[in-house]
Amino acid sequence: MTTSRVAADQTSIFPRFLDLAYPNIERGDGVWLYTTSGERILDACSGGAMVSSLGHGAREIIDAGTRQAEKIAYFYMDHFTNEPQERLAERLVAVAAPEMARVRFASSGSEANETALRLARAYHVDRGEPDRWRVISPAQAYHGSTMATLALTGRTRTLQDPYAPYLSPHLHVGNGDSALSELDQRLEEAGPGNVAAFFCEPISGAAYPAYSPPEKFWRGLDARRKQHGFLICFDEVVTGMGRAGSWFAYQQLPIEPDIVTTGKGLGAGYAPISAVLCKQHVYDAIDRGSRFFDLGHTWDGAPISCATGLAVLDALAGRGLVQRVRERGPRLLADLRSAVEDNRLVAEVRGRGFLLGVSLVDLPDEMHADERVEDAALNHGLLVSATHSTADGYAGDEVLLAPAFTSTDEELEMMVLRFGQALADVARSLAQG
Ligand SMILES: Cc1ncc(COP(=O)(O)O)c(C=O)c1O
C-alpha cells in the first residue's frame, strides 16, 4: 500500500473516521513528516498527540532500544525485574520527581490513569476505609479511553454518550472561579467520607490546552484534602517529562499530588511507556496493609520500553531540554499571540512551555471549526490538533500546538507563521458561509 491518501473503502483498517482519507506517512526527520508521495508536513504537535518531544528519528534513542532488544526485549514483570526498569524508576525519582517515592510502569496514558485510580482505591481499602470510591474531577478534561478513565471526564456528549451504561457515576466541577465552591457542593453530595480522590491535570492538555486554575483553587483543594482525607491524583500524561517547562507541571503549583501519572513524552514516540508515581505514604498504606498491588498489563516495565524511557530521560537531562522549553516558551507564546491577534475567530491564546492552546470563539456545531482548522493547517503543510467541546457546554473549539523540544528557532517561527495563515483562511471561508 503506497497510496498517499487512504480512504475507508481502500483499506483493511477499521479507521477512526470513516469519512476521512488519511495521509499516509512514510518517515519522519526532526519536526518533519514525509508522506509516501513526498509531501513534507511541519509537525507542530509532536506526532499529533504531544508525544514526540525529541522529534522524529532521534538516533541515540533508536540505538538504546536496539541495544536492549539485542540483549532481551521482553519478559513479564510478574516473575522478574530488569536493570532498565530499576534504573528508570530510580532516575525518575532522583531527577524528574524527587517529591515521589515509588514508580509503577505501564504502556499507555489510559493504563497509567487506570492504575492511579486503582491505587487510590487500594490505599483507602488497605487503610480500612472501603466506602471511599467516588472521584471528583473537572468536566473539561480527557483522561483516557478505558471505561474507568472515560468515566472521569464530564464531556458527556462528545466522549461518553454511547458508553454511559458502562461508566461509574463520578462527580464533576467546572473551571474558573466557581470551581472551589462546586467542589464543596460535590463533596457534600457524595458525602466527604465516600470520596477516594480528586483527579485532574495540573495544566490541561488537549481538552483545554495550557489552562490551569488560579492559585486560590489549588490552595483550597489542598486544604480540603487535609480536612476530608481524599487523595489528589494528577494526570500528567501530557505535561510530565518537561512539556510545560518543568519536569512535572505540579512543580509550578503550590500543591503536590499524592499520585501522579505520566506517559506520552516518557517514551517520546520510540516506545509505548507510561508511569504512575506515588508518595511514600501511599506506598506505606499498601506496605502495612494487604502487601500487594496486583494490577498488571502484559507490557508493564518491559526491558525495551524502559531502556527507551531511560534514553529519553538522559537526552532531556543531558541536553538541557526542559530548561530550553521553560526559557523559549514565553517567546513562542508571544509570537503565537501576535500571529493571530487580528483574527476574529480567536477568543484566547494560552501557553506554558511548549504546550500552547488557542480557544476559538463559540461557533455553531455544524460549522465544524475544529475540522476546518486541521484541514487548513494541512493545506499549509502544518500539523496541529483541534478538538471540539462546545457541545458539552464547557468551552469552545480548542486548537493545540505542542512542538518538539528540539525544534529550532527557525522551525518554531515557521510553525507560528503557517498557523496564522491557516487560521486566516478559516476565518475567510467562514465569512463566506
Ligand atoms: C491528559 C491525558 N490523559 C490521558 C490520556 C490517554 O493516554 P493514552 O491515549 O496513551 O491512553 C491522554 C491522551 O491523549 C491525555 O491527553
Open item on the list: Within this structure, what is the CD1-CG distance for the pair Ile232 and Leu221, rounded to the nearest 0.5 Å?
Closed with: 3.5 Å
Open item on the list: Is the ring pair Trp133/His170 parallel, tilted or perpendicular, if the boundaries are 30 and 60 degrees?
Closed with: tilted
TODO: Kindly say whether Gly357 contributes a backbone atom to a donor-acceptor pair with the side chain of Glu398 at under 3.5 angstrom?
DONE: no
Task: Backbone of Glu236 reached by a side-chain donor or acceptor of Thr262 within 3.5 Å - done: yes
Open item on the list: For a side chain to side chain contact (heavy atoms under 4.5 Å, CB included) check, start with the C-alpha distance between Glu99 and Leu277, then their side-chain angles and the critical distance, and finish with the verdict.
Closed with: CA-CA 10 Å; Glu99 303 82 3; Leu277 298 91; over 6 Å; no
Task: All ring-ring contact (aromatic ring centres under 6.0 Å, His included) counterparts of Phe80, not counting sequence neighbours - done: Phe75
Open item on the list: Any non-hydrogen side-chain atom of Pro272 less than 4.5 Å from a side-chain atom of Trp299?
Closed with: no
Open item on the list: Are Arg243 and Ile203 packed together at the side-chain level, in the sense that at least one heavy-atom pair is separated by less than 4.5 angstrom?
Closed with: no
Open item on the list: So which atom in Ala112 and which in Ala275 form the shortest heavy-atom distance, rounded to 0.1 Å?
Closed with: CB-O, 3.9 Å
TODO: Report the distance from atom SG of Cys45 to atom CE of Met50, rounding to the nearest 0.5 Å.
DONE: 6.0 Å
Task: Under 3.5 Å: donor-acceptor pair, side chain of Gln251, backbone of Ala96 - done: yes
Open item on the list: Within the structure provided, determine whether Ser385 and Glu374 are in side-chain contact (heavy-atom separation under 4.5 Å).
Closed with: yes
- [ ] For the residue pair Arg350 and Ser359, confirm or rule out a side-chain donor-acceptor distance under 3.5 Å.
- [x] yes
Task: Inter-residue atom distance Arg104.CZ - Tyr283.OH, 0.5 Å rounding - done: 10.0 Å
Task: Over all atoms of both residues, closest heavy-atom pair of Leu383 and Leu33 - done: CD2-CD1, 3.9 Å
TODO: Kindly indicate whether the side chain of Asp161, heavy atoms from C-beta on, has any atom under 4.5 Å from the side chain of Thr156.
DONE: yes
Task: Residue pairs passing the ring pair (Phe, Tyr, Trp, His ring centres under 6.0 Å) test where at least one lies in residues 225-249, sequence neighbours excluded - done: Trp218-Phe234, Phe248-Tyr250
Open item on the list: How close do Ser305 and Ala271 get, counting heavy atoms only, and between which atoms?
Closed with: CA-CB, 3.9 Å
Open item on the list: I'd like to know if the side chain of Asn82 and the backbone of Gln85 have a donor-acceptor N/O pair within less than 3.5 Å.
Closed with: yes
Task: Partners passing side-chain contact (heavy atoms from CB on, under 4.5 Å) against Ala101 (at least two apart in sequence or in another chain) - done: Gln280
Open item on the list: Check whether Asp126 reaches the backbone of Ser290 with its side chain - one donor and one acceptor, N or O, closer than 3.5 Å.
Closed with: yes
TODO: Verify, without hydrogens or angle tests, whether Arg91 (side chain) and Leu310 (backbone) share a donor-acceptor contact under 3.5 angstrom.
DONE: no
Task: His172 NE2 to Leu183 CG distance, which is reported to the nearest 0.5 Å - done: 13.0 Å
TODO: Give the minimum heavy-atom separation between Val282 and Asp258, together with the two atoms involved.
DONE: CG2-O, 3.8 Å
Open item on the list: Would you say Asp284 and His281 are linked by a side-chain donor-acceptor pair, where the criterion is simply a distance under 3.5 Å?
Closed with: no
Open item on the list: Please enumerate all residues that pass side-chain contact (heavy atoms from CB on, under 4.5 Å) together with Ala164, with sequence neighbours excluded.
Closed with: none
Task: Closest non-hydrogen atom pair, Ala268 against Ser53 - done: CB-OG, 4.0 Å
TODO: Indicate yes or no: at least one non-hydrogen side-chain atom of Met100 is less than 4.5 angstrom from one of Pro257.
DONE: yes
- [ ] Apply the test side chain to side chain contact (heavy atoms under 4.5 Å, CB included) to residues Thr149 and Asp235: give CA-CA distance (whole Å), side-chain angles for both, the deciding distance (0.1 Å), then the verdict.
- [x] CA-CA 11 Å; Thr149 56; Asp235 172 351; over 6 Å; no
TODO: Determine yes or no for a side-chain-to-main-chain donor-acceptor pair under 3.5 angstrom, with Glu129 supplying the side chain and Gly193 the backbone.
DONE: no
TODO: Please confirm whether the backbone N or O of Arg372 pairs with a side-chain atom of Asp375, one donor and one acceptor, at under 3.5 Å?
DONE: no
Open item on the list: Taking Ser108's backbone N and O only, do any of them form a donor-acceptor pair with Ser274's side chain (distance below 3.5 Å, no angle check)?
Closed with: yes
Task: Thr81 vs Glu86, side-chain hydrogen bond (donor to acceptor under 3.5 Å, both in side chains): CA-CA, chis, key distance, verdict - done: CA-CA 7 Å; Thr81 188; Glu86 296 292 335; 2.6 Å; yes
Task: Heavy-atom side-chain contact between Leu412 and Arg331 under 4.5 Å - done: no
Identify each donor-acceptor pair in which a side-chain atom of residues 316-326 lies under 3.5 Å from a protein atom, sequence neighbours left out, and give them as a table.
residue, atom, partner, partner atom, Å
Arg319, NH1, Glu60, OE2, 2.9
Gln323, NE2, Glu327, OE2, 2.9
Arg324, NE, Phe405, O, 3.3
Arg324, NH2, Ser407, O, 2.5
Arg326, NH1, Gly245, O, 2.8

TODO: Check whether any side-chain heavy atom of Val173 lies under 4.5 Å from a side-chain heavy atom of Phe198, and answer yes or no.
DONE: yes
Open item on the list: Would Arg118 and Phe293 count as a side chain to side chain contact (heavy atoms under 4.5 Å, CB included) here? Give the steps.
Closed with: CA-CA 9 Å; Arg118 297 258 295 252; Phe293 180 49; 4.1 Å; yes
TODO: Assess whether atom CG of Asp78 is packed by more than 12 heavy atoms of other residues, nucleotides or ligands within 6.0 Å.
DONE: yes
TODO: Apply the test side chain to side chain contact (heavy atoms under 4.5 Å, CB included) to residues Thr261 and Thr115: give CA-CA distance (whole Å), side-chain angles for both, the deciding distance (0.1 Å), then the verdict.
DONE: CA-CA 9 Å; Thr261 60; Thr115 305; over 6 Å; no
Task: Any donor-acceptor pair under 3.5 Å from Arg40 side chain to Tyr34 backbone - done: no
Open item on the list: Side chains of Leu332 and Leu401, heavy atoms from C-beta outward: is any pair under 4.5 Å?
Closed with: no
Task: Exercise: identify the closest heavy-atom pair between Arg352 and Ser212 - done: NH2-CB, 3.7 Å
Open item on the list: So, taking the atom named OG in Ser137 and the one named CG in Leu171, what distance separates them when rounded to the nearest 0.5 Å?
Closed with: 8.5 Å
TODO: I would like to know whether Arg225 and Asp222 meet salt bridge (Lys or Arg N to Asp or Glu O under 4.0 Å); could you show each step before the answer?
DONE: CA-CA 5 Å; Arg225 163 171 60 181; Asp222 202 12; 2.8 Å; yes
TODO: Write out all pairs satisfying side chain to side chain donor-acceptor pair (under 3.5 Å) with one or both partners inside residues 67-77, taking only residues at least two apart or from two chains.
DONE: none
Task: Value rounded to 0.5 Å, distance of CZ in Arg132 from CZ in Arg134 - done: 13.5 Å
Open item on the list: Between Arg87 and Glu90, does any NZ, NE, NH1 or NH2 come within less than 4.0 Å of an OD or OE carboxylate oxygen?
Closed with: no
